[in-house]
Amino acid sequence: MLDSLIRFVRDQYRTDEFIPLHAPVFAGQERNYVSDTIDSTFVSSVGAYVDRFERDMGAYTGSPRAVATVNGTAALHIALQLVGVKSGDLVITQPLTFVATCNAIAYCGAEPVFVDVDRHTLGLSPAALEVWLDDNAWIDDEGVCRTRDTNQVVRACLPMHTFGHPADLDGLLEVCSRWKLALVEDAAESLGSFYKGRHTGTLGVVGTLSFNGNKIITTGGGGMILAGETLGIRAKHITTTAKQPHPYEYVHDEIGYNYRLPNLNAALGCAQLEQLEAFIANKRTLAARYADHFSGSDFQFVTEPADCRSNYWLNAVICDSREQRDTLLKATNEKGVMTRPIWALMNHLPIYAHCRKGDLTQAEWLEARVVNLPSSVSTSVTTI
Ligand SMILES: *Cc1c(COP(=O)(O)O)cnc(C)c1O
């Protein structure tokens with residue numbers, strides 16, 4: 001099985017060299033647009049490509065506002081501030097995520113609460129969310145959700161669309177609305193993924209994207225905040241040093257951030273976004289081939305949830321056991337085919353081990369079994 005998997009992956013990329021998990025592809029106007037910024041001298045924090053990247057991303061996702069940031073973590077930090085997360089608050093999230101999700105909560109002086117994921121979406125479970133709230137929270141006279149023991153505010157809920165597969169957003173929206181929680185979506189991995197026809201990151205109050213080098217499109221480093229008009233305008237203000245518009249005076253009306261995406265990076269982003277649908281078509285074909293390859297085996301390939309279109313950013317397979325997982329990791333990595341286990345659960349990191357948590361049976365089950373497989377745009381598929 002493992003020999004045939006290695007052969008299968010090598011066939012997809014038609015190479016005997018090392019095969020990474022996810023490499024960027026620059027097959028469009030990248031060089032032209034980046035050269036443009038150099039010729040214009042506008043390489044830094046303002047420029048036409050920043051405006052265009054925000055407009056294009058707003059149009060693609062259907063978000064009324066899209067605000068570019070220096071990376072996805074910064075976008076999350078601001079998104080949480082936009083919904084009022086403050087020092088001492090709690091934010092409910094999933095333990096099965098990249099550390100940036102939790103770090104952004106910590107930057108606000110708040111603390112994550114870990115609630116279990118669904119096995120089929122790999123995203124935050126509405127049922128587990130409800131159980132934790134029923135057991136631990138109440139809603140005060142002002143309609144604020146608080147913990148029963150310490151009376152701390154539970155301000156927001158922050159699901160993450162794991163590997164590009166949308167979480168159960170209808171379920172989460174329903175629980176959040178009943179418990180007065182702001183839904184913020186960490187859509188860092190799910191650019192191009194739609195839930196019932198709507199782009200991930202646009203169903204909650206705010207959503208965020210990442211354009212790090214390993215994501216489906218890259219700006220080198222970068223991120224985006226997706227929001228409605230009012231919060232979007234506020235996001236732009238506080239990510240650009242909170243400067244009041246004026247022809248020459250410097251008036252900053254609050255302590256803002258320099259979280260701007262440089263024009264140089266936005267130029268790369270504009271060129272990448274033009275190729276996004278071609279990348280996704282390619283990756284969906286690759287995913288279908290993986291699914292075929294694993295069908296009938298004791299490995300379970302992760303496929304998109306019902307009523308969703310996933311971008312299949314990172315392909316994943318669920319092994320039978322931790323032992324089988326370790327065998328797969330060793331065999332593939334030794335042969336120059338890069339595979340990786342899913343992240344260690346956030347509650348297993350010493351920095352977040354003290355945080356509150358619910359029952360994490362599914363997350364722990366997945367932690368022991370999920371392996372990511374090479375997922376770059378495939379040279380053997382002809383869409384790109
Ligand atoms: C990539 C990623 C981020 C943001 O990462 P940056 O490197 O700061 O752009 C946040 N959350 C998740 C789940 C991610 O995968």
Side-chain angles (χ1 to χ4, degrees), residues 20-24 53 57 66-81 85 91-108 112 114-115 117 121-124 156-167 169 172 183-193 200-201 204 206-226 235 239 257-262 265-266 268-269 272-273 283 302 310-316 340-347 349 351-352 363 366-367 370 372 375-376:
L21 212 54
H22 202 285
F53 192 41
M57 198 57 81
V67 177
T69 58
V70 69
N71 58 51
T73 313
L76 267 176
H77 180 199
I78 298 303
L80 292 170
Q81 290 200 11
V85 174
V91 175
I92 301 176
T93 190
Q94 59 200 64
L96 197 77
T97 187
F98 177 59
V99 70
T101 315
C102 297
N103 287 348
I105 296 170
Y107 298 163
C108 298
F114 300 115
V115 160
V117 295
T121 65
L122 313 179
L124 193 66
C157 172
L158 178 58
M160 194 277 283
H161 304 298
T162 309
F163 307 143
H165 300 299
L169 284 165
L172 292 170
L183 184 72
V184 179
E185 293 173 72
D186 182 349
E189 306 184 352
S190 64
L191 174 64
S193 297
T200 50
V206 199
T208 62
L209 304 172
S210 166
F211 314 117
N212 190 41
N214 63 340
K215 296 301 200 288
I216 192 158
I217 67 166
T218 187
T219 56
M224 190 78 76
I225 299 164
L226 305 176
T239 52
Y257 297 84
N258 178 13
Y259 277 176
R260 288 181 286 213
L261 180 73
N265 301 77
L268 200 61
Q272 287 267 283
L273 184 54
K283 289 161 76 71
V302 177
S310 292
N311 64 3
Y312 281 95
W313 168 59
L314 269 197
N315 292 301
R340 286 291 179 267
I342 199 166
W343 314 280
L345 298 188
M346 291 301 110
N347 54 296
L349 298 181
I351 45 176
Y352 295 116
L366 290 162
E367 181 193 36
V370 174
N372 288 121
S375 304
S376 314

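Order of listing sets the numbers, starting from 1, for every ligand and every atom in it. Along the sequence shown, the residues carry numbers beginning at 1.
In the model, Ser310 has a side-chain atom that pairs as donor or acceptor with a side-chain atom of His165 under 3.5 Å. Using modelled atom types, one finds no donor on one side chain facing an acceptor on the other under 3.5 Å when comparing Glu185 with Ser190.
Counting heavy atoms under 4.0 Å from ligand 1, residue Thr208 does not touch it at all.
The Thr97 neighbourhood of ligand 1 comprises atoms 13 (C), with distances under 4.0 Å to a heavy atom of that residue. Near Asn71, meaning under 4.0 Å from any of its heavy atoms, are these atoms of ligand 1: 8 (O), 9 (O). Residue Met160 has at least one heavy-atom neighbour below 4.0 Å for each of these atoms of ligand 1: 13 (C). Taking every non-hydrogen atom of Ala100 and a distance limit under 4.0 Å, the qualifying atoms of ligand 1 come out as 10 (C). Numbered from 1 in the order shown, with element, the atoms of ligand 1 that lie under 4.0 Å from a heavy atom of Ala188 read 2 (C), 3 (C), 10 (C), 11 (N), 12 (C), 14 (C). Near Thr73, the atoms of ligand 1 lying under 4.0 angstrom from a non-hydrogen atom of the residue are 4 (C), 5 (O), 6 (P), 8 (O).
Looking at Gly72 next to ligand 1, an N or O pair under 3.5 Å apart turns up. The shortest N/O to N/O separation between Trp313 and ligand 1 does not fall below 3.5 Å. Between Asp186 and ligand 1, at least one N/O pair is under 3.5 Å apart. When only interatomic distances are considered, the shortest N/O to N/O separation between Glu189 and ligand 1 falls below 3.5 Å.
Residues Leu366 and Val117 have side chains in contact (heavy-atom distance under 4.5 Å, counting atoms from C-beta outward). Side-chain contact check for Leu158 versus Asp186: some heavy-atom pair is nearer than 4.5 Å.
The aromatic rings of Phe163 and Trp313 are tilted relative to each other, their planes meeting at an angle between 30° and 60°. The aromatic rings of Phe98 and Trp343 are tilted relative to each other, their planes meeting at an angle between 30° and 60°.
Closest protein heavy atom to atom 2 (C) of ligand 1: Lys215 NZ, 2.9 Å.
Residues Tyr257 and Tyr107 keep their aromatic ring centres 6.0 Å or farther apart.
For the side chain to side chain contact (heavy atoms under 4.5 Å, CB included) with His161, the qualifying choice from Leu169, Thr121, Thr97, Leu124 is Leu169, the only one to do so.
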